[in-house]
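Below, all heavy atoms of this structure are taken into account, side chains as well, without hydrogens, waters or symmetry copies.
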Amino acid sequence: MSDNRPAIYTHGHHESVLRGHRQRTVENSAGYLLPHLQPGLSVLDIGCGPGTITAGLAARVAPGPVTAVEPTDDALDLARAEVRLRSLANVSFVTSDVHALDFPDDAFDVVHAHQVLQHVADPVRALREMRRVCTRGGLVAARDADYAGFIWYPRLGALDRWRDLYERAARANGGEPDAGRRLLSWAQRAGFDDITPTGSLWCFATAADRQWWGGMWADRILQSDLAHQLLDSGLATTAELEEMSKAWRDWTAAPDGWLAIPHGEILCRA
């Protein structure tokens, strides 16, 4: 992750991926940051995706400005649509690379990244950039999942295979899928000395939650960029992907189906 090769975003932007990302809110994805948000703060939201968290941040800090960042303008279009839908006037959009942010020093009170550092080529360098553009005394906030820590019931062998293949694909793309447990270490290496590390879970156990999460991954393992990568690299066959899709549907249908996803979180005082 430190050889200067650009990382490839493993998931891509297929509808099945966006279906999952659009469920993210400041409440379910940035709860550790919420007590520190107040009207008037300026926020940089790195890797804003479809903009659902961005919109929540903007509502919390209005009239403070929120700047949403993605590496391409096409990716930013997803967030623009969400912000227009909510009629928010305090959000702007900039294309930039987290390894070399196009902003001056001390530009934002809060610099936020959700599920971003697991996908970048050099997370330590990214955190140094996040620190550089944060005001003195401001906050750098990051939250990432930890794939090796996923746990589910009932145990289905095809889902073990799914997780193994995802981790192999993510690392082949230059990322680190077990980022959650590494956030504290990365922040220390980036030079932060005032760090509050925490953790939290997403838990999917109701029938509705299983239908959403399991149904999403049943489609995603067949249709997203991840599926194409696994097939093109020879890591999996079409039959194997179909078996994994079926396992997700079997898990969805299980009345006692349960899944938890651990996340690491850091609040770093700049």
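Salt bridge status for Arg220 with Glu15: absent, with no side-chain N to carboxylate O gap under 4.0 Å. We find that Asp160 and Arg155 are joined by a salt bridge, their nearest charged nitrogen and carboxylate oxygen being less than 4.0 Å apart. Taking the charged nitrogens against the carboxylate oxygens, Glu167 and Arg171 do have a contact shorter than 4.0 Å, which makes a salt bridge. Note on Glu129 versus Arg132: salt bridge recorded, some NZ/NE/NH1/NH2 to OD/OE distance being below 4.0 Å. Look at Arg182 and Asp146 and you find no salt bridge, because none of the NZ, NE, NH1 or NH2 atoms lies under 4.0 Å from a carboxylate O. One finds no salt bridge joining Asp109 and Arg136 here, because no Lys/Arg side-chain nitrogen approaches an Asp/Glu carboxylate oxygen to under 4.0 Å.
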Please evaluate residues His11 and Asp225 with respect to the criterion side-chain contact (heavy atoms from CB on, under 4.5 Å), reporting the C-alpha separation (whole Å), side-chain torsions for both, the decisive distance (0.1 Å), and the verdict. CA-CA 6 Å; His11 298 293; Asp225 285 9; over 6 Å; no
Test Thr252 against Gln211 for side-chain hydrogen bond (donor to acceptor under 3.5 Å, both in side chains), laying out the working first. CA-CA 6 Å; Thr252 298; Gln211 184 64 43; 5.7 Å; no
Trace of the side-chain hydrogen bond (donor to acceptor under 3.5 Å, both in side chains) decision for Thr135 with Asp106: CA-CA 4 Å; Thr135 57; Asp106 307 316; over 6 Å; no
Please determine whether side-chain contact (heavy atoms from CB on, under 4.5 Å) holds for the pair Leu78 and Arg22, giving the CA-CA distance in whole Å, both sets of side-chain angles, and the decisive distance to 0.1 Å. CA-CA 10 Å; Leu78 299 168; Arg22 288 190 171 112; 3.9 Å; yes
Between Asp73 and Phe93, is a side-chain contact (heavy atoms from CB on, under 4.5 Å) present by the stated rule, with each step listed? CA-CA 9 Å; Asp73 202 54; Phe93 305 89; over 6 Å; no
Carefully, step by step, assess Leu44 and Val133 under the rule side-chain contact (heavy atoms from CB on, under 4.5 Å). CA-CA 9 Å; Leu44 178 64; Val133 302; 4.0 Å; yes
Do Glu27 and Arg60 pass the salt bridge (Lys or Arg N to Asp or Glu O under 4.0 Å) test, and can you show the C-alpha distance, the side-chain angles, and the key distance before you say yes or no? CA-CA 11 Å; Glu27 290 79 17; Arg60 297 270 179 161; 3.0 Å; yes
Take Glu82 and Thr52, measure what side-chain hydrogen bond (donor to acceptor under 3.5 Å, both in side chains) needs, and give me the verdict at the end. CA-CA 7 Å; Glu82 182 69 23; Thr52 50; over 6 Å; no
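A distance of 11.5 Å separates CG of Leu117 from CD of Glu176, quoted to the nearest 0.5 Å. The line from NE2 of His263 to CZ of Arg181 is 13.0 Å long, rounded to the nearest 0.5 Å. Note that CG of Asn28 and CH2 of Trp202 are 6.5 Å apart. Values are rounded to the nearest 0.5 Å. Note that CG of Leu222 and CE of Met244 are 9.0 Å apart. Values are rounded to the nearest 0.5 Å. To the nearest 0.5 Å, atom CG of residue Leu57 and atom OG1 of residue Thr67 are 11.5 Å apart. The distance from the CD1 atom of Ile53 to the CD atom of Gln115 is 8.0 Å, given to the nearest 0.5 Å.
Side-chain contact between Met130 and Ile46 is present, with heavy atoms from C-beta onward closer than 4.5 Å. Using a 4.5 Å cut-off on side-chain heavy atoms (C-beta onward), Arg143 and Val116 make no contact. In this structure the side chain of Ile221 reaches within 4.5 angstrom of the side chain of Leu226, judged on heavy atoms. Side-chain atoms of Phe108 and Val66, non-hydrogen and from C-beta on, never get closer than 4.5 Å to each other. Contact annotation: the side chain of Leu184 approaches that of Gln188 to within less than 4.5 Å [non-hydrogen atoms, C-beta and beyond]. Using a 4.5 Å heavy-atom threshold, the side chains of Gln23 and Trp213 count as separate. Residues Leu241 and Leu230 meet the side-chain proximity criterion, which asks for heavy atoms closer than 4.5 Å. Inter-residue side-chain proximity for Asn173 and Gln229 is flagged as met; some heavy-atom pair is nearer than 4.5 Å.
Counting all heavy atoms, side chain and backbone alike, Thr95 lies closest to Asp102 at O-OD2, 3.8 Å. Counting all heavy atoms, side chain and backbone alike, Val17 lies closest to Ser224 at CG2-CB, 3.9 Å. Shown here for Pro154 and Gly257, the closest heavy-atom pair between the two residues is CD-CA, 4.0 Å. Between Trp258 and Ala260 the shortest heavy-atom distance is CH2-CB, 3.4 Å. Minimum heavy-atom separation, Trp251 to Gly214: CZ3-N, 3.9 Å. Closest non-hydrogen pair, Cys268 versus Ala187, comes out as SG-CB, 3.9 Å.
Side chain of Asp122 to main chain of Arg125: a donor-acceptor pair is present (N/O by atom type, distance under 3.5 Å, no hydrogens or angles). Side chain of Arg249 to backbone of Gly215: no donor-acceptor contact under 3.5 angstrom is found. With hydrogens and angles ignored, the 3.5 Å screen pairs no side-chain donor or acceptor of Gln38 with any backbone N or O of Val61. Side chain of Asp144 to backbone of Gln118: a donor-acceptor contact under 3.5 angstrom is found. With hydrogens and angles ignored, the 3.5 Å screen pairs a side-chain donor or acceptor of Arg210 with a backbone N or O of Ala205.
Ring to ring, Trp248 and Trp162 are close: their centroids are under 6.0 angstrom apart. Remark: aromatic rings of His36 and Tyr32 are distant, center separation not under 6.0 Å. No close placement of the Phe204 and Trp152 rings is indicated, their centers lying 6.0 Å or farther apart.
Within the cation-pi definition used here (under 6.0 Å to the ring centroid, within 45° of the axis), Arg163 does not qualify as a partner of Phe150. Both tests do not hold together for Arg269 against Phe192: distance to the six-membered ring centre under 6.0 Å, angle to the ring axis within 45°.
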